[in-house]
There are 2 protein chains.
Amino acid sequence: MKRNRTSYVILGMLSIEPNRSGYEIRKAVASSVGYFWGESYGQIYPALKQLAAEGLIVPTLTQAGTAKKRRQQYALTDAGRACLRGWLALPFQNDPPRNEFLLKLFFAREADPGVAIAHIRQLQELNRGAIGILEGIEKMLRQQASQSPHFPYWMLTLTLGAAMTRAALEWGESALAQLALADAGAIEDRQATKSDPPPTPEG
Amino acid sequence: MKRNRTSYVILGMLSIEPNRSGYEIRKAVASSVGYFWGESYGQIYPALKQLAAEGLIVPTLTQAGTAKKRRQQYALTDAGRACLRGWLALPFQNDPPRNEFLLKLFFAREADPGVAIAHIRQLQELNRGAIGILEGIEKMLRQQASQSPHFPYWMLTLTLGAAMTRAALEWGESALAQLALADAGAIEDRQATKSDPPPTPEG
DNA sequence: CGTGGCATGTAAACGGTTACATGATTTA
DNA sequence: TAAATCATGTAACCGTTTACATGCCACG
């Protein structure tokens with residue numbers, strides 16, 4: 001039975017906490033795995049229908065007591081849980097990353113000299129923001145979920161993200177320094193063709 | 001004029017070296033930017049047609065001298081080069097990464113204890129391989145392209161990839177250690193409920 | 001000569017995003 | 001009751017992969 005990954009994300013989210021609606025699942029995805037996975041309504045709602053038709057999830061009664069909005073909630077069935085576990089045990093597929101930043105950097109020679117520097121600065125901004133967000137999530141996790149059996153795995157996803165982001169930040173600093181040097185070198189070269197060469201700058 | 005990114009990759013590749021065919025462009029992509037970008041024939045050939053129709057590239061005569069296979073080559077026009085430069089100067093869009101490894105790790109509590117460890121080991125394998133490939137490319141670049149004006153930018157793409165991969169490798173080691181400890185802890189806990197607690201193992 | 005791989009291309013299917021439509025619920 | 005927003009859903013579109021079709025060239 002071929003199934004797309006959206007279905008597994010839904011099963012996973014319901015395995016962590018049952019009785020969620022499509023809307024809630026979408027929000028949970030964005031706020032937990034959002035920095036390495038995304039889902040849109042256009043995928044979630046059809047997938048919910050399909051999963052329910054196959055008996056992997058069941059619609060649960062919206063408790064009429066408080067009646068918060070009208071929303072159809074779902075919970076995992078035994079078959080759904082088994083399906084999730086089967087998928088988890090399968091080797092992960094690492095989908096080829098698409099990194100437009102690196103693409104532009106690769107072709108940057110064709111552009112004006114400032115372009116690469118501007119892109120790297122934009123990347124640094126993004127990565128600094130990401131570090132902040134990751135640290136925020138980590139703090140919240142430690143306070144609110146440190147006793148959860150999910151905690152160690154959730155922390156691991158965070159620390160990998162943080163480690164790679166920090167590595168990228170360090171790279172960015174050195175890359176900016178390099179490009180600045182190269183610019184200075186180019187200026188020197190231009191001066192050198194006009195007058196005497198000053199090979200090393202001195203105070 | 002809306003244009004997909006495949007077109008810019010083609011323009012970029014032709015800006016580095018003109019007179020390439022679709023097949024050659026595909027191969028060049030795979031062997032240079034392959035670890036952060038991919039293109040398939042199904043995109044390249046239609047894009048070539050479209051670019052030619054818009055005058056951004058021109059089909060060049062396959063030199064009848066050696067007649068190496070039949071293949072239609074293309075070269076950049078001035079308009080094509082200008083188009084590429086315009087795109088390069090635009091802020092890059094960072095497309096949300098999709099990382100199935102992290103997704104499975106996030107849900108790993110639902111699976112058997114060995115599953116997360118197996119996935120991390122698989123990741124380590126992949127990353128060790130990636131480091132090897134990146135180092136190979138770097139060596140080749142230093143030998144064959146160190147005088148090219150593209151060289152500094154190409155090196156930067158390599159060093160970012162290497163830095164992030166190395167960070168992931170380090171993370172993997174510590175993650176494996178952590179999970180091994182957790183397993184040992186779980187065993188201890190189970191023993192503790194059966195007999196006296198041995199809080200710290202001693203020779 | 002014919003087989004295998006090179007090179008070009010196309011059609012179909014897929015996964016995913018976006019935009020839009022709609023009702024229901026809060027709030028002002 | 002009007003406006004804003006919540007929640008669900010659908011249709012269309014886009015980019016991409018995959019599978020397939022085909023002809024050409026080199027080599028045995």
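The figures that follow rest on heavy atoms only: side chains count, while hydrogens, waters and symmetry mates do not. Residue numbers begin at 1 in each chain, while the letters A, B, ... track the order of the sequences.
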*Those residues of residues 86-106 of chain B lying under 4.0 Å from DNA chain D by at least one heavy atom*: none
*Are A:Lys104 and A:Glu100 within salt-bridge range, i.e. N to O under 4.0 Å?*
yes
*Figure out the CD1/C1' separation between B:Ile25 and C:dC6, and round it to whole Å.*
17 Å
*Please report, rounded to the nearest Å, how far the C1' atom of D:dG9 is from the CZ atom of A:Arg71.*
17 Å
*According to the salt bridge (Lys or Arg N to Asp or Glu O under 4.0 Å) rule, which pairs have a member within residues 27-36 of chain A, sequence neighbours left out?*
none
*Using whole Å, report how far CZ of A:Arg3 lies from C1' of C:dG15.*
16 Å
*asked:* Does anything in residues 30-53 of chain A come within less than 4.0 Å of DNA chain C? Heavy atoms only, and list the residues if so.
replied: A:Ser40, A:Gly42, A:Gln43
*Pairs flagged by salt bridge (Lys or Arg N to Asp or Glu O under 4.0 Å) wherever residues 147-156 of chain B is involved - sequence neighbours left out*: none
*For D:dT8, take OP1 and OP2 only and decide whether either is under 4.0 Å from a side-chain N or O of A:Ser21.*
yes
*Could you give the OH-to-P distance, from B:Tyr23 to D:dG23, as a whole number of Å?*
19 Å
*In whole angstrom, give the distance that lies between atom CD of B:Gln72 and atom C1' of D:dT22.*
18 Å
*asked:* Between C1' on C:dG9 and CD on B:Gln73, what's the gap in Å once rounded to a whole number?
replied: 17 Å
*For the side chain of A:Arg5, starting at C-beta, report the closest nucleotide among C:dA7, C:dG16, D:dT8.*
C:dG16
Donor-acceptor pairs under 3.5 Å, side chain of residues 87-95 of chain B to any protein atom, not counting sequence neighbours: which ones?
residue : atom : partner : partner atom : Å
B:Asp95 : OD2  : B:Arg5  : NH1          : 2.6
B:Asp95 : OD2  : B:Arg5  : NH2          : 2.8

*According to the side-chain hydrogen bond (donor to acceptor under 3.5 Å, both in side chains) rule, which pairs have a member within residues 153-171 of chain B, sequence neighbours left out?*
A:Thr159-B:Trp171, A:Trp171-B:Thr159
*Check whether any side-chain heavy atom of B:Leu105 lies under 4.5 Å from a side-chain heavy atom of B:His119, and answer yes or no.*
no
*asked:* Going by the rule side chain to side chain donor-acceptor pair (under 3.5 Å), which residues pair with B:Gln124 if we only count those two or more places apart in sequence or in a different chain?
replied: B:Glu173
_Nearest-Å distance for atom pair OH/P, residues A:Tyr8 and C:dG15_ = 11 Å
Show which side-chain atoms of residues 143-150 of chain B pair as donor or acceptor with protein atoms under 3.5 Å away, not counting sequence neighbours.
residue  : atom : partner  : partner atom : Å
B:Ser146 : OG   : B:Arg142 : O            : 3.4
B:Ser148 : OG   : B:His150 : N            : 3.0

*Scan for salt bridge (Lys or Arg N to Asp or Glu O under 4.0 Å) pairs involving residues 32-45 of chain B, sequence neighbours excluded, and state none if there are none.*
A:Arg98-B:Glu39
